[in-house]
Structures are given as structure tokens and as C-alpha cells.
Colleague: 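Sending over a structure as C-alpha cells; questions will come in a sec.
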Amino acid sequence: MTDLAHPDRLAKARAMRARGQDPFPPRGVVAEPIAGLIAGGGTVEAPGPRVGHKVTIAGRLGALRDFGKLIFAPVKDVTGTLQIALKRDALEAWWPLRKELDAGDLVGVTGELGRTQKGELTIWASEIKLLTKSYAPPPEKWHGLVDVEARYRHRYVDLWASDGVLEVFKKRSKIVSEVRRFLEAQGYLEVETPVLHPIAGGATARPFITHHNALDCDFYLRIAPELYLKRCIVGGLERVFEIARNFRNEGISTRHNPEFSMLELYEAQADYRRMMEIAETLLEHLARAVNGTTKVTFRGTEYDVKAPFPRERYTELFRRHAACEFDDEPAVRAKARELGLKDPGSYWKLMNDVFEATVEEHLTGPIFVTDYPVQISPLAKQSPDDPRLTERFELFIAGMELGNAFSELNDPEEQERRFREQVATKDPEAPGEVDVDYVQALEYGMPPTAGLGLGIDRIVMVLTNQDSIRDVLLFPALRPIAKEAAAQEPNAPKAT
RNA sequence: GGGCGCGUAGCUCAGUCGGUAGAGCAACUGGCUUUUAACCAGUAGGUCCUAGGUUCGAUCCCUAGCGCGCUCACCA
């Protein structure tokens with residue numbers, strides 16, 4: 001047991017056992033969802049119990065309001081919260097045991113649905129059963145858990161003790177489910193591709209490294225599923241998607257978690273314009289499904305995610321906000337100096353830094369930025385009317401990148417050349433070697449294909465108005481508690 | 001990794017111009033049959049993040065460390 005287990009609560013459980021009652025009984029009760037009772041509650045008139053309308057609910061007990069011979073308390077299940085009333089004259093046999101009940105206990109309650117004098121829908125209990133004793137007292141009743149660290153570390157408390165948290169994760173679940181429905185309706189197959197990669201490709205990011213004992217070799221946790229999904233297209237699957245957990249060994253921020261979920265989809269015979277259509281209609285669909293409207297408020301600003309979204313060319317935006325041409329190296333370098341940017345080593349990275357410093361703040365969105373330079377798009381197909389550019393776009397809302405898509409490069413020779421260029425940079429974020437197997441896949445022939453990646457976590461952030469990615473992840477990455485620190489951490493369960 | 005801020009009761013927070021701490025809620029005892037932050041009376045609860053230093057004396061000042069948040073950099 002940890003320090004969190006309260007002596008009084010342990011004593012109550014012991015007393016129950018001494019009488020032959022199990023504080024952790026083996027079965028629950030058959031219960032109705034509370035939301036359904038609330039929805040049907042309009043027909044219940046005030047006040048007092050409505051005879052002959054017995055219902056059973058199961059959930060977590062909130063703060064008890066004890067009037068001596070009458071106790072009110074809220075009970076919460078995953079669908080909602082409903083008040084129960086425990087009256088002495090309705091519970092004569094149980095009444096002497098009422099002090100064994102604590103806030104946080106899990107209970108099953110049966111009784112008649114009615115109202116109180118104040119008109120609140122209430123179950124007037126004829127039976128109450130402890131389903132699980134809660135040894136650890138819940139957080140203070142009206143602040144809930146406000147210490148952010150405690151909220152993330154003890155999400156199992158935060159979910160029911162803090163307002164709105166459950167709602168966010170229900171919406172997240174709905175979003176993921178609607179993504180599947182939307183794509184399956186368009187003939188997409190959901191596939192699962194490896195997380196353990198021999199070469200970390202498909203994006204530029206530092207990977208996590210792990211080791212396989214039997215094979216005695218290192219693997220990388222995937223930084224993107226891209227190259228495997230395109231192998232699926234070569235294999236003839238034509239329309240595939242994966243909701244992929246990706247892992248990137250980089251900084252943690254309000255927009256970045258070391259593991260995050262990305263929707264990636266690939267469609268044969270499509271180009272990047274088709275991907276824009278999917279991205280904007282999918283986002284609109286998700287907003288309607290989750291919020292019932294395409295208007296979303298995020299970080300204090302209202303956005304409308306109703307399709308179609310405006311499109312702007314990268315080169316055009318560059319010209320407008322950086323006041324020079326993207327490939328005018330002396331001018332761009334001068335601009336970079338003016339902005340105080342440090343030289344990242346390669347011109348094209350520097351150019352993109354200038355873009356981010358000058359343009360991104362203007363991308364309130366939703367907006368598609370299109371036609372990126374080829375040098376920063378190693379997997380994208382060149383534009384037929386300008387070989388300096390690619391058929392690529394990124395989707396922005398609130399200056400935050402939500403997605404990235406392009407017509408896929410399917411020329412194996414050109415792909416191999418770009419891989420070799422990347423490897424030659426010796427950039428720690430570039431792949432360490434050429435993915436020969438992927439080049440070989442292309443040699444068999446990948447049909448004209450377009451692909452799209454959307455950050456699921458960021459979409460959830462926007463659609464639920466959460467400022468931090470941590471608030472849309474059930475268990476965000478945190479530094480593990482050191483053994484010595486664990487002894488000091490006030491509300492952390494200690495090792496037993 | 002850099003900058004800024006925070007760490008005091010189970011929870012939310014005061015406070016001590018340096019003299020070893022207080023409120024509300026939670027807990028416990030008693031009262032109360034319509035509350036919903038219920039109320040009333042009482043009781044108990046603290047290595048003031050850790051380690052050094054300055055000082056007669058440190059929870060307070062200084063240094064270092066640990067943890068967290070915000071922010072910048074890298075990225076999605």
C-alpha cells in the first residue's frame with residue numbers, strides 16, 4: 001500500500017470483511033447509463049419519488065451532503081452525473097452502515113427516479129451496494145486536480161475529478177472513429193505497418209533506437225509510416241491508410257510529444273489536389289461530427305473549417321512576407337541575417353527558416369500552402385511546369401502545421417538520387433543510409449499516387465480547444481520519477 | 001540545451017521586512033429529512049522540495065541540485 005491509502009478507509013474495509021461483506025465484490029450490477037436517465041428525466045415531475053419507476057445506476061460517488069437522516073450525493077458514470085438521495089426510512093437495515101461510505105467509492109444504486117424540492121432529478125435509493133472501496137481520497141471537491149503535473153501523472157483521477165477532461169477524450173475517440181468511417185466509405189483499407197524499422201525514413205527527425213536480441217541488431221522506432229504505406233501501393237492495395245503512432249527523439253513542447261499519432265493515407269491515381277479535397281472535407285466532417293458545427297474556437301480565435309480552404313503558393317507567400325525570391329540566395333541570406341537567424345548549414349534549410357520566421361505567423365488558416373521547393377521535399381514529385389517546385393502542400397491552422405501532403409515521387413532513379421543527397425548531408429536527422437528496398441519497390445512500379453499525413457493530436461487540439469498536446473493525450477510523456485524523488489513527491493503513489 | 005516562474009497540511013492557497021507556520025475544503029466527533037461549494041460546533045493534521053552556506057537562529061537570504069510550468073531553439 002502507498003501513503004495515499006487512508007487509514008479510516010482501510011479500517012472501514014476491515015470492518016466490512018469482519019461482518020462477511022466483501023469491499024471488493026466479484027460482480028458489478030446491471031446498470032443504466034446515467035445520460036439516458038437524464039434525457040428521459042423531462043417526464044419526471046417535481047417533487048419526490050415517482051412510484052413504480054425503479055432504475056439502477058453504477059458509478060463513482062462524489063461528495064456526500066449529510067443531513068442526519070437524509071444524504072445527498074452525486075454519482076458519476078462515463079455518460080454523466082446524477083444525484084442520489086439516501087433516506088433513513090427507505091434504508092432502515094443499511095442505515096447504521098452509512099458511515100462506511102466515502103466520497104470516491106464505486107457504488108450501485110437502485111431506486112425510484114424523481115425530483116427534489118429544488119427540482120433536481122434524483123434517484124431516491126431503496127438499495128445501495130458498495131462495488132469497490134476507494135482507499136485513496138479524491139482531490140478537493142471544487143478545485144479538482146489543478147496541479148498540471150499531478151493531472152498528467154494521475155490521469156486516472158483527472159478523468160473524473162476535473163471538469164471537461166473526460167469530454168476531450170470522448171471527442172478524441174469520436175474523431176478517430178470518424179476518420180475510419182470517412183475513409184472506409186471512400187474505399188480505403190486500414191493497414192498496419194511495422195513500428196520497428198531497420199532504417200528511419202519517411203521524415204526528417206531523430207529516431208529512438210532499440211535492440212532486437214535474437215536478431216542481434218538495432219532497430220529504429222518509426223518516425224513515419226510513409227515508406228511502408230507506399231510499398232502497399234506498389235503491392236496494389238490502391239487506397240490505404242494507417243493511424244500510426246510515430247516516435248521522434250526530439251524536444252517536448254505544448255505541440256510536441258515524443259510519441260504522437262499521425263493519420264497517413266495514400267491513394268493511387270490521385271495527385272495532391274485530390275489530397276487537398278480529402279483534407280478539407282475530412283476536417284469539415286470531423287468538426288461537424290464532434291461539435292455539430294464547422295466553427296471552432298482555438299486559442300481564443302474562431303476558425304471555420306468549412307471546405308474548401310484557401311490555397312496559397314509557397315513561392316508567392318515567400319515573396320510577399322520575406323520580400324525576396326525563395327531561390328535568390330544572396331537576398332535570402334541577407335534576410336536571414338536581418339532576422340537574426342543562425343545558419344543551419346544548408347541553404348535550403350535556411351530558406352525554410354526564413355519562411356517560417358516571416359510567413360507562418362500569417363497562416364491563421366485554415367489554409368493550404370502549396371508548391372514547396374524540391375530541396376525540402378525529398379519524397380515529393382516535381383511540378384510539371386516548374387522543376388524547382390513540387391506538388392506538395394501543408395495545411396495550417398492558427399500558425400500550426402496540421403498536415404503535409406504531396407504527389408508521390410515514383411521515379412526510382414530520382415528517388416535514389418535524393419536519398420543519396422540526404423545521406424551525404426550527414427545531418428543527424430537525415431537517414432543514415434539509402435533505403436535500397438524502397439527504391440527496389442519503386443523499380444517494380446508505383447502508380448501515380450498522392451499521400452497525405454495529418455496530425456491526429458493536433459486536430460484533436462483544434463477541435464477541442466486545448467492549448468497543449470498534453471491535454472489531448474491520456475498519458476503524455478513526462479520525466480519518470482526518480483526513486484529518491486518518489487519519496488518526496490507528495491501525491492505520487494510510491495512503490496510497495 | 002538557454003531564459004523566466006513555481007515548489008508551504010491530502011487538495012487549493014496565504015504568510016513569516018530572518019525568531020521553526022495559517023485559512024478554506026477534505027478527514028475525524030457531534031447535530032440536522034430537500035441539499036447541490038449544504039450548514040453549525042469541535043478535534044486532529046506540516047522533514048515549509050533536497051543538500052550545502054551565511055547567521056545566535058533559515059521555511060524566508062545565498063549557492064547548487066531535483067521536479068514541474070511557460071517560453072526560445074529543433075520538429076509535426
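To find a chain, count down the sequence lines: A is the first, B the second, and so on, and within it residues start at 1. Hydrogens, waters and symmetry mates are skipped; everything else that's a heavy atom, side chains included, is used.
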Colleague: Answer with base, sugar-phosphate or nothing: what part of the nucleic acid does Asn257(A) contact at a heavy-atom distance below 4.0 Å?
Modeller: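 Here Asn257(A) touches the bases of the nucleic acid.
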Colleague: Please state the C1' separation for the pair G2(B) and G45(B) - nearest whole angstrom.
Modeller: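 Nearest-Å result for G2(B) against G45(B) at atom C1': 42 Å.
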Colleague: What integer number of Å spans the P atoms of G52(B) and U16(B)?
Modeller: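 My reading of the P atoms in G52(B) and U16(B) gives 27 Å.
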Colleague: What's the gap between C66(B) and C49(B) when it is taken at their C1' atoms, as a whole Å value?
Modeller: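 It comes out at 8 Å once rounded to the nearest Å.
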Colleague: For a quick check of understanding: with a heavy-atom distance under 4.0 Å over all strands, which category does Thr254(A) fall into, base, sugar-phosphate or nothing?
Modeller: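 The answer is sugar-phosphate, as Thr254(A) gets under 4.0 Å only of primed atoms, P, OP1 or OP2.
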Colleague: What N/O pairs connect the protein and nucleotides 43-46 of chain B at under 3.5 Å? Give each pair on its own line.
Modeller:
none

Colleague: A76(B) and G22(B): how far apart are their C1' atoms, nearest whole angstrom?
Modeller: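 Their C1' atoms lie roughly 48 Å apart.
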Colleague: Are the side chain of Ser253(A) and the backbone of Arg255(A) linked by a donor-acceptor contact shorter than 3.5 Å?
Modeller: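 Here the side-chain-to-backbone pair exists.
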Colleague: Please state whether the phosphate of C28(B), meaning OP1 or OP2, lies under 4.0 angstrom from any side-chain nitrogen or oxygen of Lys12(A).
Modeller: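 Answer yes for this pair, as a side-chain N or O of Lys12(A) is under 4.0 Å from OP1 or OP2.
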Colleague: Give a yes/no verdict on base stacking between A38(B) and Phe72(A): centres under 5.5 Å, planes within less than 30° of parallel.
Modeller: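 So no, this residue does not stack on that base, at least one cut-off failing.
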Colleague: How would you label the contact of Lys99(A) with the nucleic acid (heavy atoms, under 4.0 Å): base, sugar-phosphate, or nothing?
Modeller: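 Counting heavy atoms under 4.0 Å across all strands, no contact is made by Lys99(A).
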Colleague: So, is Arg153(A) close to the C68(B) phosphate, meaning a side-chain N or O under 4.0 Å from OP1 or OP2?
Modeller: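 Affirmative; the distance criterion is met.
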Colleague: Which residues within residues 80-91 of chain A lie with some heavy atom under 4.0 Å of an atom in RNA chain B?
Modeller: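 Heavy-atom contacts with RNA chain B come from Gln83(A), Lys87(A), Asp89(A).
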